[in-house]
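As structure tokens, the structure follows; a few thoughts come after it.
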Amino acid sequence: MSGADETPVLIVGAGPVGLALAADLGRRGIDCTLVEQSDGTIYHPRANTVNSRTMEFCRRWGIAEEVRQAGTPPDFPLDIIFCTALNGYMLARVERPTYGGHKPLATTPERSQRCNQLFFDPLMRKLASSFRGVRLRYRCRFESFAETADGVDCRVHDLANDRRETIKARFLVACCAGRSSVPQALGVRWEGQPILSYHLNAFLKIKELWTRHNKGKAAFYFFVDEAGLGPSLIELDGNELWRFGVSTGQRLIAPDNANIPALIEKFLGSDIPYELLSVLAWTCRSIVADTWRRGSVFLAGDAVHQHSPSGGFGMNTGLGDAVDLSWKLAAALDGWGGPALLDSYEAERRPVAGRIVREATEGQAPLADAAALALINAPNSAGDRARGTVGEEILRERTKVFVSDGLVLGYRYEASPIIVPDGTPAPAESVSRYTPTARPGSRAPHAWLNDGRSTLDLFDDGFVLLAFNGAAGDASPVVAAAGSRNVPLTLVPLDDPAIAALYERRLVLVRPDGHVCWRDNAAPQDPLALIDRVRGAVH
Ligand SMILES: Cc1cc2nc3c(=O)[nH]c(=O)nc-3n(C[C@H](O)[C@H](O)[C@H](O)COP(=O)(O)OP(=O)(O)OC[C@H]3O[C@@H](n4cnc5c(N)ncnc54)[C@H](O)[C@@H]3O)c2cc1C
């Protein structure tokens with residue numbers, strides 16, 4: 001055994017969440033070590049949707065263009081097709097513009113992008129490893145930890161050299177998707193349904209698949225048979241890589257026992273030349289952990305929330321956890337963050353994850369009209385009517401999950417100890433509709449500045465105090481209070497009337513993660529109390 005290594009933050013797991021946390025800490029000048037038991041090779045495609053909030057993070061990290069280049073090509077149709085088989089009956093088609101064909105959006109500078117983890121995780125790895133203070137240790141398994149007076153002693157197994165070591169860390173963050181000992185050791189209990197259904201995914205290579213059927217190019221094909229909504233086929237690179245997914249219901253079937261060829265023949269066609277690259281068995285859950293932190297130990301990503309991939313929220317929610325936690329750990333290590341700052345991580349993120357898990361689970365109910373389903377493949381007018389009925393139900397009930405701006409951009413931190421409410425009512429909650437608002441707790445809204453940047457580009461390292469309509473002079477007590485507590489804060493005067501109207505107050509304080517934490521028309525009577533509240537020094 002070697003002597004104890006030391007690091008301010010030890011991260012377990014180099015999935016997208018652990019890598020994002022390492023990168024965001026690295027950007028903030030915080031050293032960290034990440035241990036990952038595998039060698040980092042990705043054998044199977046999981047998340048495809050990099051939603052617009054995650055793309056906004058990527059923009060901040062300077063990799064948004066790389067993500068766009070790595071994902072689905074800009075001219076590939078993003079349509080969603082529901083049919084009985086590729087050469088069967090069409091039931092419903094949702095036409096969506098290609099990435100290249102979209103007009104700019106008013107609500108975000110970054111539209112969502114399809115970029116599978118096959119391509120996204122390596123970009124995050126490259127980003128994390130670009131920071132000198134970030135140490136990535138692949139083939140190194142985390143085994144156990146013991147809390148100490150000033151942090152955590154972590155036992156890891158260097159698999160490459162078969163050597164056990166202790167790493168002393170001030171903070172431990174488990175981004176290991178619930179498969180390591182950390183959640184158990186913290187006594188985490190899961191709220192929700194641990195098993196909704198079992199699934200198998202086949203990773204396929206099929207060249208020019210669209211030339212072999214009559215449904216045309218689309219990003220998603222969902223297949224419906226007499227049993228209801230069944231397998232799906234999802235494009236991964238706009239070329240030859242596909243993911244074919246099937247639910248095995250309440251039966252757990254090992255990949256070796258699955259008759260994937262029979263399913264491919266039934267839904268894709270008998271003469272499709274495909275190469276089977278890998279098969280993954282996975283379990284659909286609907287759970288949120290009841291504990292996200294104990295002392296110096298934190299959990300993030302799939303280690304605290306797991307749900308159906310429908311809607312494409314899982315990875316994106318985990319990246320939201322990483323971005324929320326990163327600046328708080330940095331503030332604690334830099335000495336200006338108070339104890340409530342670390343408490344606020346769970347207070348802010350657990351309700352957000354709870355809502356997303358609920359919404360992702362709601363889309364799981366079976367199709368309702370059993371009589372219509374029974375006739376879904378009938379080659380007669382009764383079959384035509386049945387297909388019309390099922391198609392209508394699909395369009396009414398099953399496509400909401402593809403428009404989720406209200407969840408993606410409209411999430412907010414209501415009961416946070418470090419947000420100062422301003423008494424205004426919250427906008428109505430909606431999955432699909434996002435109402436831009438600078439109400440405290442919300443993501444500071446996007447607007448284009450005169451110089452071509454987004455307002456979001458202003459929020460980066462420290463706090464930003466936006467001063468509208470000549471309010472910069474009124475801001476000085478807040479700036480001085482921040483200075484006296486060593487809180488990094490930049491004053492940004494803005495004189496754009498449209499942006500002033502959007503933000504609704506003359507002074508708006510935005511946190512390092514881009515969320516508004518206070519706003520008013522004048523400096524508060526006690527500016528030190530405000531700064532102490534937002535830096536977590538007051539409970
Ligand atoms: C079929 C499918 C489709 C999906 N589609 C989407 C989608 O479209 N959009 C979306 O946002 N999400 C989607 N998801 C969910 C998404 O894949 C996960 O939410 C995401 O990968 C979670 O990231 P993570 O970093 O928390 O965990 P993971 O990606 O699971 O990474 C955890 C890492 O921890 C490592 N680890 C575990 N234990 C240890 C240990 N003891 N020591 C060292 N390392 C350890 C593991 O090896 C692993 O690399 C999908 C999931 C599935 C299964």
Side-chain angles (χ1 to χ4, degrees), residues 10-22 33-55 71-72 112-118 120-121 124-125 128 136-145 154-159 167 172-185 197-203 219-220 232 234 236 243-247 278-285 289 299-322 353 356-357 360 401-402 404 407-408:
L10 182 78
I11 301 167
V12 184
V17 178
L19 288 168
L21 179 62
T33 298
L34 183 154
V35 293
E36 163 59 48
Q37 61 192 3
S38 76
D39 67 0
T41 309
I42 302 169
Y43 295 98
H44 198 86
R46 291 190 292 157
N48 272 304
T49 308
V50 180
N51 72 26
S52 46
R53 185 58 179 147
T54 302
M55 283 301 286
T72 296
S112 95
Q113 176 66 44
R114 288 174 60 72
C115 179
N116 191 272
Q117 282 182 254
L118 293 170
F120 185 75
D121 288 10
M124 292 307 299
R125 179 174 175 171
L136 302 182
R137 293 187 59 181
Y138 285 84
R139 301 218 53 218
C140 184
R141 179 178 295 140
F142 173 89
E143 290 188 333
S144 61
F145 69 93
C154 304
R155 295 279 294 158
V156 302
H157 185 182
D158 178 337
L159 300 169
I167 303 180
L172 166 66
V173 189
C175 307
C176 48
R179 285 191 295 267
S180 92
S181 52
V182 185
Q184 265 183 338
S197 47
Y198 295 106
H199 297 255
L200 286 169
N201 277 5
F203 180 20
F220 302 85
S232 59
I234 291 174
L236 303 173
R243 191 182 74 205
F244 180 67
V246 58
S247 166
S278 66
V279 180
L280 173 81
W282 59 279
T283 306
C284 185
R285 309 181 193 281
L299 300 164
D302 274 21
V304 272
H305 43 75
Q306 291 177 32
H307 54 74
S308 155
S310 83
F313 299 121
M315 175 182 83
N316 293 291
T317 311
L319 263 70
D321 302 341
I356 285 172
V357 168
V401 80
F402 292 101
S404 54
L407 280 183
V408 170

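Just so it is clear, the model here is predicted, and its values are computed rather than measured. Counting convention: from 1, in listed order, for ligands and their atoms alike.
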Do M315 and F120 have side chains that get closer than 4.5 Å, going by heavy atoms?
-> yes
Considering all heavy atoms of both residues, which atom of A300 and which atom of V173 are nearest to each other, and what is their separation?
-> CB-CG1, 4.4 Å
Looking at residues at least two apart in the chain, or sitting in another chain, which of them share a ring pair (Phe, Tyr, Trp, His ring centres under 6.0 Å) with F203?
-> none
Using a strict cut-off of under 4.0 Å between a residue heavy atom and any atom of ligand 1, list the qualifying protein residues by chain and number.
-> V12, G13, G15, P16, V17, V35, E36, Q37, R46, A47, N48, T49, Q117, C140, R141, F142, C175, C176, A177, R179, S180, N201, R243, W282, G301, D302, P309, G312, F313, G314, M315, N316
Could you check if a side-chain atom of F145 sits within less than 4.5 angstrom of a side-chain atom of S181, using non-hydrogen atoms only?
-> no
Measure the shortest side-chain to side-chain distance between H44 and N201 over non-hydrogen atoms and say whether it is less than 4.5 angstrom.
-> yes
Sub-3.5 Å donor-acceptor pair from the side chain of R125 to the main-chain atoms of L19, do we have one?
-> no
